[in-house]
Amino acid sequence: MRTLLYTEAIREALDLAMAADQRVYVMGLGVPDPKAIFGTTAGLQAKYGPQRVFDMPVAENGMTGVAIGSALAGMRPVMVHQRVDFALLALDQIANSAAKWSFLFAGKQSVPLVIRLLIGRGWGQGPQHSQSLQATFAHFPGLKVVMPTSPYDAKGMLLAAIADPNPVVFLEHRWLHSTFGHVPPEHYHAPLSQALVSRPGSDITLVASSLAHIEALQAANILAQHNISAEVLDLRSIQPLDRETIHASLKKTKRLLVVDHGWKSFGVAGEIIASMSEIAFTDLISAPQRVTAPDHYPATTPAHANLYYPGVAEIVNAALHMFKRTPMSESDMQLTIPLHRDVPDKNFRGPF
Amino acid sequence: MRTLLYTEAIREALDLAMAADQRVYVMGLGVPDPKAIFGTTAGLQAKYGPQRVFDMPVAENGMTGVAIGSALAGMRPVMVHQRVDFALLALDQIANSAAKWSFLFAGKQSVPLVIRLLIGRGWGQGPQHSQSLQATFAHFPGLKVVMPTSPYDAKGMLLAAIADPNPVVFLEHRWLHSTFGHVPPEHYHAPLSQALVSRPGSDITLVASSLAHIEALQAANILAQHNISAEVLDLRSIQPLDRETIHASLKKTKRLLVVDHGWKSFGVAGEIIASMSEIAFTDLISAPQRVTAPDHYPATTPAHANLYYPGVAEIVNAALHMFKRTPMSESDMQLTIPLHRDVPDKNFRGPF
Amino acid sequence: MTLISDKLARFTTMLRIRMVEEMIAARYDEQEMRCPVHLSIGQEAIAAGVCAAFTRSDYLFSTHRSHAHYLAKGGDLPGLIAEIYGRNTGCVRGRGGSMHLCDLDVGILATMPIVGSTLPIATGAAFGSKLLGDQRVTVVFFGDGTTEEGVFSESLNFAALQQLPIVFICENNLYSVYSPLEVRQPARDRVALAAAHGITAALGDGDDVEAIFSLTENAVARARNGGGPSFLEFATYRWREHCGPHYDNDIGYRSEAEFLAWQQRDPLARTERELLASGELCAATLSDIKASLQDEIETAFTAAREAPFPDESTLFTDLFVPTELCVQAA
Amino acid sequence: MTLISDKLARFTTMLRIRMVEEMIAARYDEQEMRCPVHLSIGQEAIAAGVCAAFTRSDYLFSTHRSHAHYLAKGGDLPGLIAEIYGRNTGCVRGRGGSMHLCDLDVGILATMPIVGSTLPIATGAAFGSKLLGDQRVTVVFFGDGTTEEGVFSESLNFAALQQLPIVFICENNLYSVYSPLEVRQPARDRVALAAAHGITAALGDGDDVEAIFSLTENAVARARNGGGPSFLEFATYRWREHCGPHYDNDIGYRSEAEFLAWQQRDPLARTERELLASGELCAATLSDIKASLQDEIETAFTAAREAPFPDESTLFTDLFVPTELCVQAA
Ligand SMILES: Cc1ncc(C[n+]2csc(CCOP(=O)(O)OP(=O)(O)O)c2C)c(N)n1
Ligand SMILES: Cc1ncc(C[n+]2csc(CCOP(=O)(O)OP(=O)(O)O)c2C)c(N)n1
Ligand SMILES: [Mg+2]
Ligand SMILES: [Mg+2]
């Protein structure tokens with residue numbers, strides 16, 4: 001079984017997309033530089049030339065407009081920002097232009113644009129370099145918003161996003177970049193709209209995406225030791241939200257716990273709980289719960305990382321609480337749960 | 001009892017705030033022009049001079065930064081945009097700078113800034129001039145987000161917002177501008193953090209804000225004819241969200257229906273349902289529901305207005321459904337419910 | 001001979017725009033065109049002169065004030081009027097109204113009311129043309145106020161950096177809504193500003209359709225030959241209110257005297273005088289032209305008013321284009 | 001006499017910045033400063049020359065690369081080092097790390113890493129000063145890349161429109177991260193760009209601290225006397241990697257030769273040579289200065305390393321300032 005790093009999977013997707021379709025180009029600050037967006041664009045400029053793989057001015061809103069215009073003219077731009085935070089500068093073009101284009105122009109035109117946005121965390125990233133803004137994008141109709149967890153999905157969903165005629169916001173968590181997993185060499189698509197049951201179970205449904213999904217899987221392992229069988233769903237797509245798959249799981253487990261690294265209020269976890277409360281109220285036998293970042297910002301000091309970010313322990317305890325069990329003791333936690341700090345564990349080579 | 005139009009209430013608040021505090025200034029496109037932001041800034045430049053009441057370049061992000069900087073230097077800016085949609089251009093300064101300032105600088109500095117944003121609707125406003133973006137702002141920690149419904153609250157909350165040392169996003173629905181109600185002449189504050197029980201009831205709780213709150217009150221009247229006693233909550237503040245008041249109401253009514261004119265998914269209604277499902281699950285006897293704009297855009301054609309916007313009929317029917325009653329017939333609706341079109345009813349002089 | 005008829009063609013374009021917009025103004029108070037309209041009456045020479053320098057397949061972008069550009073570039077008249085009436089036969093099926101026009105057959109990709117938003121998009125379309133080598137030149141129209149938005153600079157910078165085939169047309173009508181230039185910009189020269197970005201830039205008389213045409217023709221030729229972008233600013237004046245059909249000199253943001261001075265310079269009357277004086281046009285031909293335009297316009301309005309509104313079932317479509325399908329201009 | 005000691009003071013400021021940043025570089029790999037650091041080694045003359053022209057109560061804003069500006073304006077050294085170490089004694093109590101500094105006692109309102117974000121905020125602080133008549137002048141530092149952001153133009157436009165007391169300082173170190181100027185901007189002249197906005201603008205040698213000082217002094221005097229804003233660009237070079245403590249000429253985005261040529265022009269060595277040559281400084285005094293700086297710096301590092309981390313209970317505070325309280329600079 002061929003395994004690749006997450007970054008290599010992204011790179012391979014870009015490479016295959018560019019080879020297959022002349023219209024695809026990749027642009028962003030640092031795209032052709034020696035660091036190559038953490039390796040995800042390495043070698044592409046050498047292979048496809050500076051007309052198709054290039055740097056840009058520091059002008060997020062304008063360059064998003066440029067990408068949109070070039071898409072209208074026949075290109076397939078892939079834009080990348082080293083931090084999702086910078087995309088707030090471009091929200092006018094993303095939300096007022098790209099998201100509304102197809103509807104406004106009656107489907108006569110559309111904007112096939114992929115925007116890769118990297119989520120930062122730890123090592124003093126601070127409030128302006130570590131936001132998880134999936135809910136902000138997902139709220140605007142007309143955008144597809146995806147957050148692949150596995151290298152397999154990263155490649156397949158990026159290829160699907162590039163092939164899609166609509167604007168797709170593609171969120172990559174930096175801490176996933178160093179994880180690895182099975183990635184077939186060929187050109188394939190993973191769906192942009194379907195959650196994945198990544199671990200079947202019968203007692204409680206854990207819904208999560210991206211880095212939080214990996215934590216949910218770890219939590220499921222620990223819950224198993226407590227004789228709780230957790231079904232874990234990898235959301236993969238935030239917008240559209242795969243309410244069917246979540247509902248199907250709840251019919252079996254009757255308990256819902258959502259994990260998301262965005263802020264609690266007005267976030268993704270809330271939407272999932274709301275949807276399920278609306279349509280699956282009678283299936284639920286206890287109050288649905290969420291484990292999220294607090295409605296606050298993380299300081300840069302490493303002293304804050306452990307306190308700010310929710311992690312495996314919080315997921316496990318939230319689940320135990322739903323079963324009216326006592327929370328894990330501090331010492332139990334020390335034994336079973338890798339302490340997440342302000343950088344990913346050095347030994348953590350994921351995905352599990 | 002002295003009554004004022006909503007616009008007059010806003011104007012009076014600005015006037016009183018400027019008279020009371022030399023640091024307060026008002027800026028925005030059109031602020032001193034003959035239309036005076038629908039009358040809300042009328043006469044202020046003549047009274048306070050062009051140094052304190054002025055127009056600005058068409059540069060939303062930069063001018064928001066200017067407002068922030070002047071606040072740091074000791075001023076109390078009130079900024080206004082004729083449409084909330086334009087504020088997306090300024091989201092970097094609003095969300096990355098203003099919202100994070102106090103936390104980042106350890107409370108040594110804060111940004112006392114009020115941003116008035118007007119929500120448009122109807123008469124061909126279309127997708128780029130009629131967005132209800134309360135959830136977008138409310139998701140960012142560090143912003144207060146309010147949506148007063150009554151002229152009384154419009155005045156009191158605007159005065160409180162100007163006195164507040166933190167950034168406040170103040171959302172005004174254009175259709176409320178022509179409503180009127182009791183407004184005392186003096187300087188008073190209405191709280192920026194509390195929902196109001198605007199109509200007591202015992203069978204179901206309707207939570208809404210701004211224009212949707214007026215529709216909820218109308219719906220409650222009709223529900224009363226069906227022997228359903230609806231308690232109506234005027235949310236007033238979106239962030240902070242007054243979960244206590246909502247929960248207290250649910251303890252009594254055991255049913256929750258939320259009305260919001262924002263898009264359904266990842267919106268305000270979802271957050272309220274999620275919070276209550278978490279903390280009031282055992283109080284609820286039926287699935288909480290929401291009535292919102294669809295996850296779609298309104299076309300400019302008037303043919304779309306009636307179909308796109310949820311209104312009194314949808315609220316009534318959603319409530320009836322929660323009681324397993326049959327929905328109102330088309331003809332019943334014609335009789336009891338003012339057909340909302342793409343402009344507010346000419347006779348509609350509100351607030352009820 | 002060609003020259004004569006070209007000049008007449010440009011005059012006719014101006015006249016047609018004027019007559020269409022006057023008809024919109026005349027009927028607007030009937031409240032059947034239920035969307036904001038921003039008229040270009042007084043500014044027609046720029047649309048007519050500029051668009052005459054472009055071909056059908058070149059791209060056009062504009063703003064909230066775009067009927068003139070749409071018509072001058074060859075946009076379908078019935079599609080425009082039906083769109084303003086919110087009908088299913090409108091150029092975007094009632095989705096966009098007056099402020100969101102498109103006619104792909106003649107290269108009109110989009111008009112949009114968020115000030116500045118079409119500047120980088122137009123720049124991107126020109127970038128696409130460069131990458132594709134499709135020989136198209138893009139034109140983007142905008143007002144003086146638009147040059148205050150950050151994306152104006154961002155667009156000029158990228159256009160200059162990439163030497164893109166684009167012509168930026170600034171219609172300086174002295175106001176942004178009711179706000180005069182001097183409360184929004186220092187006494188700066190936007191032409192110098194564009195030039196400082198490394199862009200060929202010039203200022204022109206917005207009432208002289210022939211001068212506008214020849215300045216633009218040069219810019220288009222340069223762009224088409226790989227010579228990069230141009231910025232052209234034209235001095236002009238909007239006769240009617242910012243938004244809506246009426247005159248508004250009485251409300252206090254500008255003086256009747258200022259208005260009258262500009263109205264004296266009426267670009268349409270000026271060209272008509274010149275054509276009549278030179279004999280390129282005679283009174284009889286003129287009235288024939290007017291009659292046939294009147295006919296065309298009335299037909300378009302009648303058709304629009306008789307056309308159906310979009311069906312309920314179509315109004316919640318097109319949020320996404322189906323994944324198999326992707327409509328792109330190229 | 002005053003002149004001599006001023007020149008020496010500016011030299012000492014440069015030297016102090018260099019020594020502080022070299023200490024940060026030396027200790028960074030210990031992994032106890034757990035936040036990104038952007039060093040100004042090689043660029044010190046600009047911070048020292050510019051800040052010498054301002055008073056303590058004037059306002060300063062900067063970017064991700066701001067240690068030099070913070071120190072030159074008189075910011076508290078122990079507060080800086082403790083902040084980088086994430087300690088409770090840091091200038092913002094560990095909230096911001098290297099990229100979010102402030103020291104209200106000396107007018108340092110904020111440094112922020114979102115490129116361009118402090119430009120309009122600084123413009124706004126100057127606007128506040130104008131409204132309040134507090135006689136302050138604001139300085140804002142930024143890099144060449146920052147001039148590509150739309151808010152750059154928006155800020156210049158408003159500063160010129162309002163004739164604000166602000167000095168814009170552009171440190172052109174030829175790169176934005178690893179991207180050279182020529183892939184981001186046409187061969188345009190940012191000084192002409194600022195001038196086209198109606199702003200007094202000049203280009204200076206970023207290695208000559210005295211020339212920097214006098215250019216800035218003029219700009220500050222003009223601003224203080226109501227003469228409006230200035231834009232000054234200084235040519236300079238960052239010696240170390242964009243972010244982090246190391247040299248990186250080997251990774252391929254710039255050449256060792258380019259680096260060496262700039263290092264030859266070392267602004268610190270140059271001033272040292274001049275001072276020694278003119279006799280304003282002798283070797284003994286120099287080594288005394290170095291020793292006392294070394295002492296001060298070591299003390300700051302030791303204190304930072306011994307200081308406590310912020311207490312859990314304080315880390316979730318300050319999202320809002322209590323309504324009764326509002327801390328404003330004035
Ligand atoms: C981003 C944004 N800000 C503000 C507005 C409101 N607005 C609509 S048209 C207009 C005037 C723009 O002036 P100008 O560019 O000179 O065009 P003109 O109307 O004079 O043709 C403004 C400010 C808007 N539509 N978008
Ligand atoms: C809005 C935004 N875009 C991109 C970045 C990433 N970034 C951090 S520093 C930097 C370089 C800016 O270059 P310049 O202004 O020349 O400053 P220098 O680092 O050379 O001092 C960039 C692009 C950012 N922080 N913010
Ligand atoms: Mg104008
Ligand atoms: Mg630089």
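Computed from a predicted model, the values in this text were never measured in an experiment. In what follows, every chain begins at residue 1, and chains take the letters A, B, ... in the order their sequences are listed.
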Q: Compare every heavy atom of C:Arg34 with every heavy atom of B:Pro302, then report the nearest pair and how far apart it is.
A: CG-CD, 3.6 Å
Q: To the nearest 0.5 Å, tell me how far B:Leu307 CG sits from C:Phe316 CZ.
A: 5.5 Å
**Q.** Region of B:Leu29 in contact with chain C, defined by heavy-atom distances below 4.5 Å
**A.** neither
Q) Roughly how far apart are C:Glu148 CD and B:Glu60 CD, rounded to 0.5 Å? A) 10.0 Å
Q: Nearest 0.5 Å please: distance from the OH atom of B:Tyr308 over to the CD atom of C:Glu312.
A: 16.0 Å
**Q.** Atom group of C:Thr314 that falls short of 4.5 Å from chain B, counting heavy atoms
**A.** neither
Q: Grab the two heavy atoms, one from B:Pro34 and one from C:Tyr178, that are nearest each other, plus how far apart they are.
A: CD-CB, 4.0 Å
(Q) If you count heavy-atom pairs within less than 4.5 Å of chain C, which of B:Met63, B:Lys35, B:His304 leads? (A) B:His304
Q. Looking at C:Pro113, C:Gly150, C:Ser98, which has the largest count of heavy-atom pairs under 4.5 Å with chain B?
A. C:Pro113
Q: Heavy atoms only: give me the nearest B:His296-C:Leu319 pair and the separation to one decimal.
A: NE2-CB, 3.7 Å
Q: May I ask you to check whether over 12 heavy atoms, not counting those of B:Glu330, lie within 6.0 Å of atom CD?
A: no
Q) Which residues from residues 235-251 of chain C are near chain B, with near meaning under 4.5 Å between non-hydrogen atoms? A) C:Ile251
(Q) Closer than 3.5 angstrom, by distance alone: can the side chain of B:Thr301 be matched with the main-chain N or O of C:Gly94 as a donor-acceptor pair? (A) no
Q | Close side-chain approach of C:Glu149 and B:Pro57, heavy atoms under 4.5 Å | A | no
Q: Check each atom of B:Phe54 against the heavy atoms of chain C and say whether the ones under 4.5 Å are side chain, backbone, both or neither.
A: neither
Q) In Å, rounded to the nearest 0.5 Å, how long is the span from CD of B:Gln128 to NE2 of C:His64? A) 12.5 Å
Q) Where on B:Pro294 is there a heavy atom nearer than 4.5 Å to chain C: the side chain, the backbone, both, or neither? A) side chain
Q | Contact summary for C:Val115 and B:Val58, nearest pair of heavy atoms | A | CG1-CG1, 3.8 Å
Q) Is it the side chain or the backbone of B:Pro50 that comes within 4.5 Å of chain C heavy atoms, both, or neither? A) neither
Q.
Is C:Ser176 in contact with chain B via its backbone, its side chain, both, or neither, using a 4.5 Å heavy-atom distance?
A. side chain
Q) Any idea which of B:Gly126, B:Gly124, B:Pro298 has the most non-hydrogen atom pairs under 4.5 angstrom with chain C? A) B:Gly124
